[in-house]
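Counting starts at 1 for both ligands and their atoms, following the listed order.
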Amino acid sequence: MRLESLKERKERLKELGEFILSKRDRIQAAVHQDLKKSFIEVDLSEIYPIVNEIRHTLEHLDEWTKPKKIDAPITYLGTRSEIKFEPKGVCLIIAPWNYPFSLCFGPLVSCLAAGNTAIIKPSEMTPATSQLIAELTNEFFEEDIVKVFEGDQQVSTELLQLPFDHIFFTGSPAVGKIIMRAAAENLTSVTLELGGKSPTIIDETALISTAAKRIAFGKFLNNGQTCIAPDYILVHERVKDDFIASLKKQVVEMFGEAGKLNEDSMSYSRIVSQKHFKRLNQMVENAISDGAKVEFSGPVNENTLFIHPVLLSNVSLQSKLMEEEIFGPVLPIVTYRSEEEVIDLINSRQKPLALYVFSERSSFQKKVLSSTSAGTACINECVIQFTHANLPFGGVNNSGIGKSHGHAGFLEFSNQKSVLKQLTRFSSMSMMYPPFRPRLKWMIDMMLKYF
Ligand code: NAD
């Protein structure tokens, strides 16, 4: 493994930021080709998060890499200890398709900041971006620092045979299990950034139009193909109608042209593939045949992979729509009457990656936070926690293992080596050495009692 000075790492990261900005138009074009994301959305969700991650890292890397002094307990008098942050080594980064550029380069920034080298496997589902990532990586990095292997699960499977020092995977919980099993063969540490269903609660005190606006943005950004998008709404029955009316209005204002959302909208992405297009339409049809009511919908077009936002109420909790991660522009709305009902429903399911509460009552906000578990949570907001540089990001159990971004990302890619240095010729520990005499027993009795 190649060991680099802190200065070299910082220079590389700074140059990487400049390099990415110089390729902005090519990144916009590639992601647009794969997902029809508008150029502004590419700037916002693919380029800015990386540039921001690099800036934040450069600002703090001196402090993060400095060995951390550790106090000695009284029984360790005469020693000095510290934690050193050493690179783990050669890391594997496997990325999904929904933010195909930023989910490769985001973890890469933390990986390089911690002094590692990397192999990246982008998603095969977004081929234009995958090809661009390979090309840009070849141009910018020496081969023994970062190398890209393009391809599908076959390529991942082959890479997973290798004894990496860390694997950073972003993708579905189902594939996360495969990654963890493969990592176990080499006892390789893993970060698993997974997905699942993120519930969004709206109680009777919520500011409805503000909640609707924030949810419309968070849910329909990238056509709902966002791991932390509100997956389903739990709304108090007293404000359900208000909320639905407000959400419809916000969707049209954000994505519609001339009061109507159509295929010409420049702010609305497309579904990634026919497979997902069919899966989503099937989910909606099944929910409707199980009794769901369509509150809002519009054109769908298989050729252009366009699906108008769909709002459904009266959705059965047993329908696929309420059991599987939706990952598309379909939003089921479930009503509730009591706080306990909401908390029980969330606790009866896998722990979510994100949990959102819209409420003006702090007692309710606190109650939800303290009686449920989730990787991340927002009160009166959604989705924006992802790009907060000082907030660790990640799931819990089914929604993920480990944390990323900023300092948390640096730690994830570092081995925290505990180092103890004996400073004196006489070690207090030598009093514990055998042969074990009665005097030692007295000392141990004292230790058990007082230290
Ligand atoms: P996926 O799990 O199908 O694929 C992710 C990556 O794993 C791809 O590169 C793919 O080629 C590879 N892969 C697929 N099958 C594999 C196998 N059997 N063995 C080894 N590798 C395999 O996920 P996706 O469809 O690309 O992305 C959507 C999922 O990712 C959603 O569940 C979403 O919530 C999640 N996600 C999570 C985050 C996060 O930060 N937590 C971010 C984005 C997406």
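Ring to ring, W97 and F327 are close: their centroids are under 6.0 angstrom apart. Between Y268 and H308, a ring centre-to-centre spacing not shorter than 6.0 Å is recorded.
The shell of residues lying under 4.0 angstrom from ligand 1, judged by heavy atoms, excludes Y99. By the 4.0 Å heavy-atom criterion, A95 is counted among the residues contacting ligand 1.
Ionic pairing of K197 and D231 is present here: one or more N-O contacts between side-chain nitrogen and carboxylate oxygen are shorter than 4.0 angstrom. Under the 4.0 Å criterion applied to side-chain N and carboxylate O atoms, E302 and K278 are assigned as salt-bridge partners. For the pair E135 and K23, the salt-bridge criterion is not met [side-chain N within less than 4.0 Å of a carboxylate O]. One finds a salt bridge joining E18 and K14 here, because a Lys/Arg side-chain nitrogen approaches an Asp/Glu carboxylate oxygen to under 4.0 Å. For E381 and R214, the salt-bridge test passes: some basic side-chain N is under 4.0 Å from an acidic carboxylate O.
Contacts of L103 with ligand 1, taken as heavy-atom pairs under 4.0 Å, involve the side chain alone. Of all the heavy atoms of M125, none lies under 4.0 Å from any atom of ligand 1, so neither backbone nor side chain is involved. Only the backbone of L194 comes within 4.0 Å of ligand 1, counting heavy atoms alone; no side-chain atom from C-beta on gets that close. For T170, heavy-atom contacts with ligand 1 shorter than 4.0 Å involve the backbone as well as the side chain.
The single protein non-hydrogen atom nearest to atom 17 (C) of ligand 1 is Q153 CB, 3.7 Å, given as residue, atom name and distance. For atom 34 (O) of ligand 1, the nearest protein heavy atom (residue, atom name, distance) is E325 OE2, 2.6 Å. Shortest contact from atom 7 (O) of ligand 1 to any protein heavy atom: F169 CE1, 3.3 Å. For atom 27 (O) of ligand 1, the nearest protein heavy atom (residue, atom name, distance) is P96 CB, 3.4 Å. With hydrogens left out, the protein atom closest to atom 26 (O) of ligand 1 is W97 CD1, 3.0 Å, a heavy atom. Annotation: atom 22 (C) of ligand 1 to nearest protein heavy atom, V175 CG1, 3.5 Å. At the top of the distance list for atom 40 (O) of ligand 1, counting protein heavy atoms only, stands F393 CE2, 3.4 Å.
Taking the six-membered ring where tryptophan is involved, the planes of H60 and H56 are tilted, since the angle between them lies from 30° to 60°.
Applying the 4.0 Å criterion to heavy atoms of I94 picks out, from ligand 1, the atoms 6 (C), 7 (O), 9 (O). Applying the 4.0 Å criterion to heavy atoms of K121 picks out, from ligand 1, the atoms 8 (C), 9 (O), 10 (C), 11 (O). Within the listing of ligand 1, atoms 28 (C), 31 (C), 33 (C), 34 (O) sit less than 4.0 angstrom from a heavy atom of F327. Of all the atoms in ligand 1, the ones that sit under 4.0 Å from a non-hydrogen atom of I178 are 18 (N), 19 (N). Those atoms of ligand 1 that come under 4.0 Å of a heavy atom in L353, given as number and element, are 41 (N).
Counting non-hydrogen atoms of other residues, nucleotides and ligands closer than 6.0 Å to CE of M254 gives a total above 12. At most 12 heavy atoms of other shown residues, nucleotides or ligands fall within 6.0 angstrom of atom CD1 in I40. Environment of CD in E143: sparse, with no more than 12 heavy atoms of neighbouring residues, nucleotides or ligands closer than 6.0 Å.
Cation-pi geometry between K147 and F149 is satisfied (NZ or CZ under 6.0 Å from the ring centre, within 45° of the ring normal).
Each of V310, L280, L311 was evaluated against P329; a single residue qualifies, L280, per the side chain to side chain contact (heavy atoms under 4.5 Å, CB included) test. With respect to E46, the salt bridge (Lys or Arg N to Asp or Glu O under 4.0 Å) criterion is satisfied by exactly one of K37, R26, R24: K37.
Comparing heavy-atom distances from atom 36 (N) of ligand 1 across A182, S156, C227 singles out C227 as nearest. Nearest to atom 30 (O) of ligand 1 by heavy-atom distance, out of G171, G395, A229, is G171.
Considering backbone and side-chain atoms together, S172 places an N or O closer than 3.5 Å to an N or O of ligand 1. Here's the thing with E124: one of its N/O atoms is less than 3.5 angstrom from an N/O atom of ligand 1. Not one N or O of D152 is nearer than 3.5 Å to an N or O of ligand 1, by distance alone. Any N or O atom pair closer than 3.5 Å counts here, and N98 shares no such pair with ligand 1.
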Practice item. Show your reasoning for whether side chain to side chain donor-acceptor pair (under 3.5 Å) applies to D34 and T129. Key: CA-CA 7 Å; D34 287 326; T129 314; 2.5 Å; yes
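For atom 4 (O) of ligand 1, the nearest protein heavy atom lies 4.0 Å or farther away.
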